[in-house]
Amino acid sequence: MTYTSTLLRLLDERGYIHQATDAAGLDTLASKQVVPGYIGFDATAPSLHVGSLVQIMMLRRLQQAGHKPIVLMGGGTTKVGDPSGKDESRKLLTGEMIDANIASIRRVFERYLTFGDGPTDAVMVNNDEWLSKLGYVDLLRDVGPHFTINRMLTFDSVKLRLEREQPLTFLEFNYMILQAYDFRELALHHGCRLQMGGSDQWGNIVNGIELSRRMEGKEVFGLTTPLLTTADGAKMGKTAAGAVWLNEEQLAAYDFWQYWRNADDRDVGRFLRLFTDLPLDEVARLEALQGGEINAAKVVLANEVTKLCRGTAAAEAAASTAAATFVGGGIGENLPILAVPAEGIAVVDALVEIGFAASRGEAKRLIAGGGARLDGAQITDEAAQIAGGTEYRLSAGKKKHGIIRPD
């Protein structure tokens, strides 16, 4: 389909569009007026991770195209838990924990969006403002008739848990009703016309569109992004050492930079389109590089993504550390540091604690495969000890380096 609006052309050219409920209608609307659009984020941790970055960039693109981003924080829905893509129930958090998480998460959005009171300025709202005020009987009476159990059982988020015989609580089963109510509330009180999200949210988005139409007679739209995995099939945002967090308190800038520098060659062009503001002709030039030259494109990718998420200073420091470590052969600044007591530490424990292995077993396999080094020398004994009182460089493979330093 050929789009006429700046918004859909931008999203299409950069690879964000998977499904749309009425692409032609949304295209026409976006050509005529400012479209307020939202994406919801639950606050289960103090930071979002890289798996949420496509959605954050979607809101950025919305604003770049002259429309209004609404960041919906799920202060209310976090108390329930979204079963989408989950095999088990989420741990319930207190209201205080959720509020603290939202305050922490907001800092990342402030780097990607311009907030304010203008017609295209971003706003952040919390669905706890209306969900916690809902009376149960009122919800059943006013909203319940618009949902059938038959259809709710067909959604992938429900089918997955039932097929795997994993418990799905009544609390979680209500999540899709609450998310649909969010769209209706935002349409009614914030003029919201568009909900965006990952492809796993398609059913929830359609529910919200239908509820808004039935209860308020409002025409609203939905748009989803493709399921994003790396070229080798792995889920975005996960590594052997854990999640790739967006907030610096949860993950050092160097490790964040290095995640992008280590991207698969096949992912470079796609990631540049999705996660940076580089012009598309420059993206095309970089992704066309062959052989060892593709590493230059990976450095650009790491620099540009880190600038957006962590700031220019953090990106420059991380790049400088990488250059000193990989090119100069020394120990660059800002590498992950593990403080070791005077009695020293077992090498397998050091690999785990610095984040190069997820478990002792994985650390032993790394050593057995010849991938662990201390000051450049291969570690061959999994029972080896690293002596205290001296500084070393600990490496896992060719791309992960850290500093062992006296406590």
Legend entry - Main-chain N/O of L246 paired with S47 side-chain donor or acceptor, under 3.5 Å: yes

Inset, instruction - Would you mind checking if K307 and E304 are paired as a salt bridge, meaning a charged N to carboxylate O distance below 4.0 Å? - result: yes

Inset, instruction - Please determine, by modelled atom types, if Q64 and R61 share a side-chain donor-acceptor pair under 3.5 angstrom. - result: yes

Legend entry - Shortest non-hydrogen contact between W257 and A322, atoms and distance: CZ3-CB, 3.4 Å

Inset, instruction - Indicate yes or no: does R111 engage E248 in a salt bridge with an N to O separation below 4.0 Å. - result: yes

Legend entry - Ion pair check, D27 and K32, cut-off under 4.0 Å: no

Legend entry - Under 3.5 Å: donor-acceptor pair, side chain of Q63, backbone of T114: yes

Legend entry - Contact summary for L59 and P69, nearest pair of heavy atoms: O-CG, 3.7 Å

Legend entry - H18-S199 side chain donor-acceptor pair, cut-off 3.5 Å: no

Inset, instruction - Specify the closest pair of heavy atoms between L8 and I17, including all atoms of both residues, with the distance to one decimal. - result: O-CD1, 3.9 Å

Legend entry - Sidechain-backbone polar pair: R60 side chain, Y112 backbone, donor-acceptor under 3.5 Å: yes

Legend entry - Residues R9 and D12 bridged, charged N to O under 4.0 Å: no

Inset, instruction - Indicate yes or no for a side-chain donor-acceptor contact from T276 to the backbone of L272 under 3.5 Å, with no hydrogens or angles considered. - result: yes

Inset, instruction - Salt-bridge test for R360 and D349: reply yes if a basic N is under 4.0 Å from a carboxylate O, no otherwise. - result: yes

Legend entry - N/O donor-acceptor pair under 3.5 Å between D264 side chain and R266 backbone: yes

Legend entry - Over all atoms of both residues, closest heavy-atom pair of R310 and A252: NH1-C, 3.6 Å

Legend entry - Side chains of Q201 and Q195, donor plus acceptor under 3.5 Å: no

Legend entry - All ring pair (Phe, Tyr, Trp, His ring centres under 6.0 Å) counterparts of F275, not counting sequence neighbours: W260, F271

Inset, instruction - Would you confirm whether H190, through its side chain, and C192, through its main-chain N or O, come within 3.5 Å as a donor-acceptor pair? - result: no

Legend entry - Distance in Å, T78 OG1 paired with M73 CE, rounded so as to fall on 0.5 Å steps: 6.5 Å

Legend entry - R285 bridged to E282 by N-O distance under 4.0 Å: yes

Inset, instruction - Kindly say whether S31 contributes a backbone atom to a donor-acceptor pair with the side chain of S5 at under 3.5 angstrom? - result: no

Legend entry - D42 side-chain N/O to T44 backbone N/O, donor-acceptor pair under 3.5 Å: no

Legend entry - Exercise: do E316 and N303 side chains pair donor with acceptor under 3.5 Å: no

Legend entry - Pair listing, salt bridge (charged side-chain N to carboxylate O under 4.0 Å, His left out) test, anchored in residues 218-229, at least two apart: R193-E219

Inset, instruction - Verify, without hydrogens or angle tests, whether N127 (side chain) and G75 (backbone) share a donor-acceptor contact under 3.5 angstrom. - result: yes

Legend entry - Ring center gap for F109 and F115 short of 6.0 angstrom: no

